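In what follows, a structure is listed as structure tokens, so that the remarks can point back to it.
Below, read A as the first sequence line, B as the second, and so on, with proteins coming before strands; counting in each chain starts at 1. Not measured: the values here are computed from a predicted model.
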Protein chains: 2
Amino acid sequence: MSKDSPNADLPTNTRQRRSSDQVTLSHVAQVAGVSPITASRALNYPDKVSDSARRSVLQAVESLGYVPNLVAGSLASSRSRLIAVIVPSLINSVFVEVIKGLQETLEAEGYQILLGNTDYDLDREYQLVRTFLGWSCSALVTAGLRHNSACHTLLANWDHPIMEVMELGQGMDLNVGLDHVAAGRCMATHLTDKGYRHIVYVGARLAQDYRASMRFDGHKAVLKEKGVDAPLLELDTLGSLQAGAEGLAQVLEQYPHTQAIHFANDDLAAGALLAAQRQGLNVPGDIAIAGFNGLPLGQHVTPQLTTILSPREEMGRLAAKELIRRLSGKNVYRRQHNVGFTLQIGGST
Amino acid sequence: MSKDSPNADLPTNTRQRRSSDQVTLSHVAQVAGVSPITASRALNYPDKVSDSARRSVLQAVESLGYVPNLVAGSLASSRSRLIAVIVPSLINSVFVEVIKGLQETLEAEGYQILLGNTDYDLDREYQLVRTFLGWSCSALVTAGLRHNSACHTLLANWDHPIMEVMELGQGMDLNVGLDHVAAGRCMATHLTDKGYRHIVYVGARLAQDYRASMRFDGHKAVLKEKGVDAPLLELDTLGSLQAGAEGLAQVLEQYPHTQAIHFANDDLAAGALLAAQRQGLNVPGDIAIAGFNGLPLGQHVTPQLTTILSPREEMGRLAAKELIRRLSGKNVYRRQHNVGFTLQIGGST
DNA sequence: CGCTGTCATGATAGCGCTACCATTCGTTTT
DNA sequence: AAAACGAATGGTAGCGCTATCATGACAGCG
């Protein structure tokens with residue numbers, strides 16, 4: 001690092017602050033022979049300055065190795081091009097795929113993602129929202145429609161776009177998701193259509209993963225219409241292959257007549273399917289297994305897993321596009337977008 | 001300065017700026033009956049102010065619903081409590097697990113993560129680094145030791161901690177990772193010890209996933225010592241279960257005498273294992289399969305996958321801890337940390 | 001020739017916060 | 001008792017950038 005440094009004759013202050021050898025826009029402007037504000041425009045609104053000014057500014061940027069101070073820019077303009085993204089978990093690949101969809105779309109438009117993880121804790125969500133608002137984020141994306149009341153108040157008074165993803169419903173602002181009750185109904189209908197009558201729904205931590213419990217509601221409604229019981233088995237661990245294997249074992253023990261298990265997600269279902277294989281159980285002969293999400297793994301096990309495919313990356317991309325549309329001042333025609341789902345019938349049912 | 005007219009007489013400016021109904025620290029200070037600077041201290045250095053001052057400030061914060069403007073704070077203090085995290089991919093769960101380890105540790109210390117995804121493109125990495133430096137990040141975490149020259153220059157002149165994770169070696173600053181060449185050697189040694197002689201290494205996009213190619217180097221060296229060939233099959237897709245299935249097919253076709261396949265990662269290996277099962281091939285009788293990473297899936301297939309377990313979340317946590325230590329001004333005893341790996345022998349070899 | 005409109009540029013004044021130094025006051029030291 | 005000290009507080013001056021308004025130059029037009 002050069003010590004003799006550029007601060008040639010910019011304001012030589014009396015006291016104050018470390019003299020910061022940082023290259024600022026003023027240095028650039030000086031070298032380019034224009035005023036700081038023109039240099040600013042050359043970088044941010046290239047077509048607002050003359051060709052010659054733009055060229056010399058860009059050249060000065062290059063030669064000085066200038067890196068814009070985005071913090072200062074954000075403070076001055078109160079626009080940060082940061083998008084807060086809050087998810088309840090990173091272990092669950094579902095959220096990661098949504099993040100991926102968001103990211104590829106947002107980064108292409110010059111936005112950066114500020115990532116927060118609530119670990120399914122709404123108070124933690126509130127804290128994260130507070131912090132992120134402090135960064136003057138351009139928008140906020142959060143998984144789910146449920147928030148605690150402090151968080152709700154904070155967001156309601158915030159005047160930037162809010163995008164709630166994953167589930168569908170009356171949200172605070174924008175919403176992209178799918179109808180989990182309908183998804184639960186869909187799978188339950190498939191199972192009853194197949195002739196199964198003793199069907200157990202197995203979920204993990206439903207109080208946290210309340211979307212899984214919405215799917216159970218759909219499932220239960222269908223079974224009730226058919227006049228059959230809808231037992232629920234709730235596991236105490238987070239969804240995983242291991243938990244699925246345990247779920248299978250518990251179902252076989254507690255509900256020995258079970259013909260089919262409707263798992264809250266594919267991790268559980270695949271874990272159960274692989275465990276069934278190890279134990280020499282025939283799927284679906286001895287026990288049918290269904291999941292939710294449409295993870296690739298489900299397509300690679302034998303028999304293939306019957307599941308509901310949710311368009312996760314697509315959900316992220318669509319959410320990002322709608323946000324961008326809104327951020328660029330365009331009209332938003334619909335606040336709610338249903339990305340839907342697809343029943344994927346494999347050999348496991 | 002006359003403070004005698006208490007309420008609405010904060011700077012009433014001539015022109016300038018939208019009047020910003022935002023609650024600022026000055027409002028808080030006014031309500032609390034202290035100077036802005038004392039309010040600032042009450043929030044940032046609580047033990048630097050009297051109990052009474054702190055109490056009234058906190059109460060004013062509460063009653064006004066004040067949310068600190070972190071952008072302004074960062075500009076003034078040139079500390080942002082943001083940590084830039086740059087990974088090459090989010091599809092690969094390995095990086096997500098590292099992020100998770102980083103995040104749980106960093107968030108607990110009040111740092112936020114600014115996430116970037118390079119898609120294995122070093123130029124993209126450079127762009128992200130530039131942007132992140134513009135945010136005055138407190139530190140930067142990046143996956144891997146390889147950067148393009150512009151990026152290298154930029155980072156070399158940056159005076160904040162840089163943490164390079166995943167692999168082990170002479171980095172720019174701090175480094176937490178594992179020795180991929182040794183990991184490749186380890187697995188190759190296991191396979192040759194088992195008596196296999198016709199062993200193919202299968203990787204995906206090795207130019208991008210150069211850590212997989214380092215493992216191949218280790219693998220090749222061992223086979224060379226044993227005096228046997230080390231054929232390499234490179235797939236053109238990214239690692240996935242599907243790609244693993246294809247890899248198996250191609251190996252069987254191109255190298256019919258193959259006894260064992262050493263896959264670059266568990267996704268590929270598990271995909272191959274599941275495909276072998278579908279085709280009625282006996283693993284390891286007809287073909288042995290080994291992977292790398294120690295994903296849970298490998299433990300749930302039959303036979304269990306022989307693999308090398310890398311402590312990914314642990315890597316993230318350790319990296320975060322070392323960063324925090326450095327950021328809080330403590331001495332860093334070692335710049336390099338080897339998190340090691342464990343050979344996990346399953347039935348697949 | 002003045003009038004208006006457009007374009008490129010610049011001077012000024014902050015965005016909301018904190019670093020720096022100065023001041024006050026009560027307590028300890030010599 | 002004077003001097004020295006530390007703790008609590010405050011005034012001031014920016015951090016580096018951009019919004020706003022002002023200016024000057026020049027084209028088109030009656």
Side-chain angles (χ1 to χ4, degrees), chain A residues 6-7 10-30 32-57 61 66-81 133-136, chain B residues 1-3 10-30 32-57 66-81 133-136:
Chain A
N7 302 33
L10 289 176
T12 22
N13 306 317
T14 23
R15 29 123 126 152
Q16 212 68 29
R17 254 59 162 193
R18 82 222 79 203
S19 63
S20 75
D21 50 351
Q22 204 194 327
V23 179
T24 72
L25 192 55
S26 292
H27 296 125
V28 171
Q30 209 167 56
V34 298
S35 74
I37 189 65
T38 299
S40 168
R41 278 194 280 252
L43 296 177
N44 295 306
Y45 307 94
D47 41 327
K48 293 250 170 200
V49 299
S50 65
D51 286 1
S52 69
R54 180 162 7 93
R55 260 197 306 278
S56 51
V57 168
V61 164
Y66 169 69
V67 176
N69 185 327
L70 300 174
V71 178
S74 296
L75 180 60
S77 67
S78 43
R79 283 180 289 96
S80 73
R81 297 188 84 77
L133 296 204
W135 279 109
S136 327
Chain B
M1 177 194 266
S2 64
K3 277 223 152 152
L10 287 177
T12 23
N13 304 316
T14 23
R15 30 123 127 151
Q16 215 66 32
R17 254 58 165 196
R18 81 221 80 195
S19 63
S20 75
D21 48 353
Q22 204 193 328
V23 180
T24 72
L25 193 54
S26 291
H27 295 125
V28 171
Q30 211 166 55
V34 298
S35 73
I37 189 66
T38 298
S40 167
R41 278 194 279 253
L43 296 177
N44 297 305
Y45 307 95
D47 42 326
K48 293 251 170 199
V49 300
S50 65
D51 285 1
S52 70
R54 179 161 7 92
R55 260 196 306 277
S56 50
V57 168
Y66 170 69
V67 176
N69 184 327
L70 300 175
V71 178
S74 296
L75 180 60
S77 68
S78 43
R79 284 181 289 96
S80 73
R81 298 188 83 77
L133 296 205
W135 279 108
S136 324

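Under 4.0 angstrom from either OP1 or OP2 of dA8(D) there lies no side-chain N or O belonging to Ser50(B). Dashed line: the shortest gap from a side-chain N or O of Arg79(B) to OP1 or OP2 of dA19(C) is under 4.0 Å. Contact check, Tyr66(B) against dC17(C): a side-chain N or O comes under 4.0 Å of OP1 or OP2. In terms of phosphate contacts, Asn69(B) brings no side-chain nitrogen or oxygen within less than 4.0 Å of OP1 or OP2 of dC15(C). At least one side-chain nitrogen or oxygen of Thr38(B) sits closer than 4.0 Å to the OP1 or OP2 atom of dG10(D).
Arg54(A) places its CZ atom 10 Å from the P atom of dT9(C), with the value rounded to the nearest Å. Rounded to an integer number of Å, the gap from Arg55(B) CZ to dT9(D) C1' is 17 Å. Per the geometry, CG belonging to Leu25(B) stands 7 Å off C1' belonging to dC17(C), to the nearest Å. Between the C1' atom of dG6(D) and the CG atom of Asp47(B) lies a distance of 15 Å, rounded to the nearest Å. Rounded to whole Å, the distance from CD on Gln30(B) to C1' on dG10(D) is 15 Å. Between the C1' atom of dA8(C) and the CG atom of Asn44(A) lies a distance of 17 Å, rounded to the nearest Å. Residue Leu70(B) contributes atom CG, which lies 11 Å from atom C1' of dG16(C) at whole-angstrom precision. The nearest whole Å value for the distance from the NZ atom in Lys48(B) to the P atom in dG6(D) is 12 Å.
Residue-level contact check: Val34(A) touches the backbone only, with heavy atoms under 4.0 Å from sugar-phosphate atoms and none from bases.
With Ser78(B) contributing its side chain and Leu75(B) its backbone, the two residues share no donor-acceptor pair below 3.5 Å. Although no hydrogens or angles enter the test, the distance criterion places a donor-acceptor pair under 3.5 Å between the side chain of Ser74(B) and the main chain of Leu70(B). Side chain of Ser80(A) to main chain of Ser136(A): a donor-acceptor pair is present (N/O by atom type, distance under 3.5 Å, no hydrogens or angles).
Atom-to-atom distance recorded for Thr24(B):OG1 and Tyr66(B):OH is 7.0 Å, nearest 0.5 angstrom. Summarising the geometry, atom CZ belonging to Arg41(B) is positioned 11.0 Å from atom OG belonging to Ser50(B); distances are rounded to the nearest 0.5 Å.
For Ile37(B), counting side-chain heavy atoms from C-beta on, the closest listed nucleotide (dG10(C), dT9(D), dA19(C)) is dA19(C). Distances from the side chain of Ala76(B) to the nucleotides dG16(D), dC20(C), dC17(C) place dC17(C) closest. Considering only side-chain atoms of Ser77(B), the nucleotide from dT9(C), dC17(D), dA19(C) that sits closest is dA19(C). If you check dG11(D), dC17(C), dT9(C) against the side chain of Ser35(B), the one that comes closest is dG11(D). Each of dC15(D), dC15(C), dA19(D) was ranked by its minimum atom distance to the side chain of Leu75(A); first place goes to dC15(C). Here the nucleotide nearest the side chain of Ala53(A), chosen from dC17(D), dT9(C), dG16(C), is dT9(C).
By the 4.5 Å heavy-atom criterion applied to side chains, Val57(A) and Val49(A) are not counted as neighbours.
Mapped onto DNA chain D by nearest heavy atom, Gly33(B) and Ser74(A) fall at different nucleotides, with Gly33(B) at the one closer to the 5' end.
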